[in-house]
Amino acid sequence: MLILLPPSEKKLATTKPAPAISVYTGVLYQALDWPTLTPAAKKRGESVIAIISAKYGAIGPSDRIESYKLKIDNKAMRPSVATALDSRERQLIIDCRSSTYKGVWTAPAEITVEVKVSTVVNGVRTVVTHMSKKTRGEITRWLLQSRATPQTPEDLYAIVSEKYPCALTPAAGQQPWVLEVIAV
């Protein structure tokens, strides 16, 4: 599995390079709560998480970065991100990126599951940005701690549905699979 995460606007102010996972401090990263993961879950995270950074491209949790304030330039960043991600073994891709970061690299639809999060307000499903980020962080944590590693979209659904109500929609043409999760 490969988990694609966005960076966070909220960052730890750094005076020297630090691990990316400690620099990003937004809602998603608070919910992921990296420092409290077991050594085994952190080891899994190091091998499966790719954070798409506006400044550094596709980076891993322990890659050392400095705090920055920069909006992603998808066109400029696309070649370096493609180089980093296209060379990865073809495996299930769990796309937790925000829409802003999806344009930098298009994952192969047939092996990609886009995680969409909504909540129910007055009986109507509604997307709530804050809850989406939090829930994507929780799902990432759940996957890192899981005994099972999802190989297929159906496997991912089985693991996530243990914790959240969700629905899985198959890929169609250029559109990836979609796992719609209801934040609780």
Side-chain angles (χ1 to χ4, degrees), residues 1-10 20-22 24-52 58 60-61 85 88 90-103 105-172 174-184:
M1 102 179 127
L2 171 63
I3 304 173
L4 300 176
L5 298 179
S8 85
E9 286 185 31
K10 189 174 176 185
I21 201 73
S22 66
Y24 297 122
T25 60
V27 174
L28 185 151
Y29 292 90
Q30 289 171 21
L32 173 55
D33 198 10
W34 184 269
T36 65
L37 287 171
T38 65
K42 287 179 183 178
K43 183 177 180 182
R44 179 183 263 184
E46 289 291 348
S47 67
V48 302
I49 291 175
I51 302 166
I52 309 303
L85 298 179
R88 300 274 304 237
R90 290 190 55 88
Q91 57 196 323
L92 182 65
I93 299 168
I94 302 155
D95 194 347
C96 294
R97 295 176 294 170
S98 57
S99 58
T100 305
Y101 289 84
K102 288 188 189 296
W105 184 68
T106 303
E110 69 280 2
I111 60 169
T112 300
V113 180
E114 181 179 329
V115 177
K116 290 189 175 182
V117 181
S118 55
T119 190
V120 178
V121 178
N122 297 325
V124 178
R125 285 187 185 177
T126 307
V127 174
V128 181
T129 307
H130 179 82
M131 285 300 290
S132 292
K133 292 174 184 176
K134 179 180 183 284
T135 303
R136 286 181 181 129
E138 292 171 348
I139 289 170
T140 300
R141 181 181 180 83
W142 185 249
L143 292 170
L144 296 180
Q145 294 175 318
S146 176
R147 288 187 179 146
T149 300
Q151 303 296 318
T152 67
E154 292 86 358
D155 292 347
L156 177 65
Y157 169 80
I159 293 167
V160 174
S161 67
E162 291 174 9
K163 187 171 175 94
Y164 294 96
C166 55
L168 182 64
T169 304
Q174 299 297 319
Q175 297 303 310
W177 290 76
V178 173
L179 182 66
E180 185 176 1
V181 178
I182 305 298
V184 287

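Just so you know, these numbers use all the heavy atoms, side chains as well, and skip hydrogens, waters and symmetry mates.
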Chemist: Taking the side chain as everything from C-beta on, heavy atoms only, tell me whether Leu5 gets closer than 4.5 Å to Tyr29.
Modeler: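 Yes - at least one pair of side-chain heavy atoms lies under 4.5 Å apart.
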Chemist: State, with a plain yes or no, whether a side-chain heavy atom of Ile52 is found less than 4.5 Å away from one of Pro6.
Modeler: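 In short, these two side chains do not touch, never coming nearer than 4.5 Å.
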Chemist: Any non-hydrogen side-chain atom of Val27 less than 4.5 Å from a side-chain atom of Ser8?
Modeler: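 A side-chain contact under 4.5 Å is absent here.
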Chemist: List the atom of Leu168, the atom of Pro170, and the distance in Å for their closest heavy-atom pair.
Modeler: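 Nearest pair, atom of Leu168 first, then Pro170: O-CD, 4.0 Å.
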Chemist: Between atom CG of Leu4 and atom CD1 of Ile49, what is the distance when rounded to the nearest 0.5 Å?
Modeler: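 The CG atom of Leu4 sits 10.5 Å away from the CD1 atom of Ile49.
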Chemist: Between Glu180 and Ser118, do the side chains contain a donor N or O and an acceptor N or O under 3.5 Å apart?
Modeler: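 Yes - a donor-acceptor pair under 3.5 Å links their side chains.
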Chemist: Hey, what do you get for CZ (Arg88) to CD1 (Ile93), rounding to the nearest 0.5 Å?
Modeler: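 Output value for this atom pair is 9.0 Å.
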Chemist: Measure the shortest side-chain to side-chain distance between Leu156 and Leu143 over non-hydrogen atoms and say whether it is less than 4.5 angstrom.
Modeler: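 Counting from C-beta outward, Leu156 and Leu143 do come under 4.5 Å.
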Chemist: For a 4.5 angstrom cut-off between non-hydrogen side-chain atoms, does Gln145 reach Arg44?
Modeler: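 Not touching, per the 4.5 Å side-chain cut-off.
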Chemist: Sequence neighbours excluded, which residues qualify as side-chain hydrogen bond (donor to acceptor under 3.5 Å, both in side chains) partners of Glu138?
Modeler: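 Glu138 satisfies side-chain hydrogen bond (donor to acceptor under 3.5 Å, both in side chains) with Lys134, Tyr164 once adjacent residues are dropped.
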Chemist: Kindly give the heavy-atom pair with the smallest separation between Ala183 and Thr119, and that separation in Å.
Modeler: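 Nearest heavy atoms, Ala183 then Thr119: O-OG1, 4.0 Å.
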Chemist: Using modelled atom types only, decide if a donor and an acceptor are shared between the side chain of Arg141 and the backbone of Asp33 within a distance under 3.5 Å.
Modeler: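 Yes; judged by distance alone, with no hydrogens or angles, the pair exists.
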Chemist: Give me each pair satisfying ring pair (Phe, Tyr, Trp, His ring centres under 6.0 Å) with a member in residues 140-159, each pair once, sequence neighbours excluded.
Modeler: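 The answer is none; no pair qualifies.
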Chemist: Considering only heavy atoms from C-beta outward, does the side chain of Cys96 approach that of Ile94 to under 4.5 Å?
Modeler: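 They are in contact (side-chain heavy atoms under 4.5 Å apart), so the answer is yes.
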Chemist: Do you know which two heavy atoms are closest between Leu92 and Gln151, and how far apart they sit?
Modeler: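 In terms of heavy atoms, the two residues are closest at CB-O, 3.9 Å.
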Chemist: Let me see the working for Asp95 and Val115 under side chain to side chain contact (heavy atoms under 4.5 Å, CB included), right down to the final yes or no.
Modeler: CA-CA 6 Å; Asp95 194 347; Val115 177; over 6 Å; no
Chemist: If I take atom CD1 from residue Ile159 and atom SG from residue Cys166, how far apart are they, to the nearest 0.5 angstrom?
Modeler: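 Here the rounded value is 11.0 Å.
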Chemist: Grab the two heavy atoms, one from Ser161 and one from Ala158, that are nearest each other, plus how far apart they are.
Modeler: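 Residues Ser161 and Ala158, closest heavy atoms: OG-O, 3.1 Å.
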Chemist: So, Arg136 versus Ser98: side-chain donor-acceptor pair below 3.5 Å or not?
Modeler: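 On atom types as modelled, these side chains do not qualify, holding no pair under 3.5 Å.
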Chemist: How about Val113 and Val178: do any of their side-chain heavy atoms sit closer than 4.5 Å?
Modeler: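 Val113 vs Val178: side chains apart.
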Chemist: Compare all side-chain heavy atoms of Arg90 with those of Ile111 and state whether any distance is below 4.5 angstrom.
Modeler: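 Answer yes - side chains close enough.
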Chemist: In this structure, are over 12 heavy atoms from other groups packed under 6.0 Å from Glu110 atom CD?
Modeler: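 Counting other residues, nucleotides and ligands, CD of Glu110 exceeds 12 neighbours.
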Chemist: Ignoring hydrogens and geometry, is there a side-chain-to-backbone donor-acceptor pair from Thr25 to Lys10 under 3.5 Å?
Modeler: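 Pair found, side chain donor or acceptor close to backbone of Lys10.
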Chemist: Can you tell me how far apart OG1 (Thr135) and NZ (Lys116) are? Round to the nearest 0.5 Å.
Modeler: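 The OG1 atom of Thr135 sits 15.5 Å away from the NZ atom of Lys116.
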Chemist: Provide the closest heavy-atom pair for Asp155 versus Pro150 in the form atom of the first, atom of the second, distance.
Modeler: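 Shortest heavy-atom separation between Asp155 and Pro150 comes out as CB-CA, 3.6 Å.
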Chemist: Could you pull out the closest heavy-atom pair between Pro61 and Gly45, with the gap in Å?
Modeler: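 Nearest heavy atoms, Pro61 then Gly45: CG-O, 3.8 Å.
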Chemist: Judged by atom type as modelled, is there a donor-acceptor pair below 3.5 Å linking the side chain of Arg97 to the main-chain atoms of Glu114?
Modeler: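 No, the answer is negative, given that no donor and acceptor are paired below the 3.5 Å cut-off.
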Chemist: Please report the C-alpha distance between Tyr24 and Leu32 in whole Å, then the side-chain angles of each, then the deciding distance to 0.1 Å, and finally whether the side chain to side chain contact (heavy atoms under 4.5 Å, CB included) criterion is met.
Modeler: CA-CA 11 Å; Tyr24 297 122; Leu32 173 55; over 6 Å; no
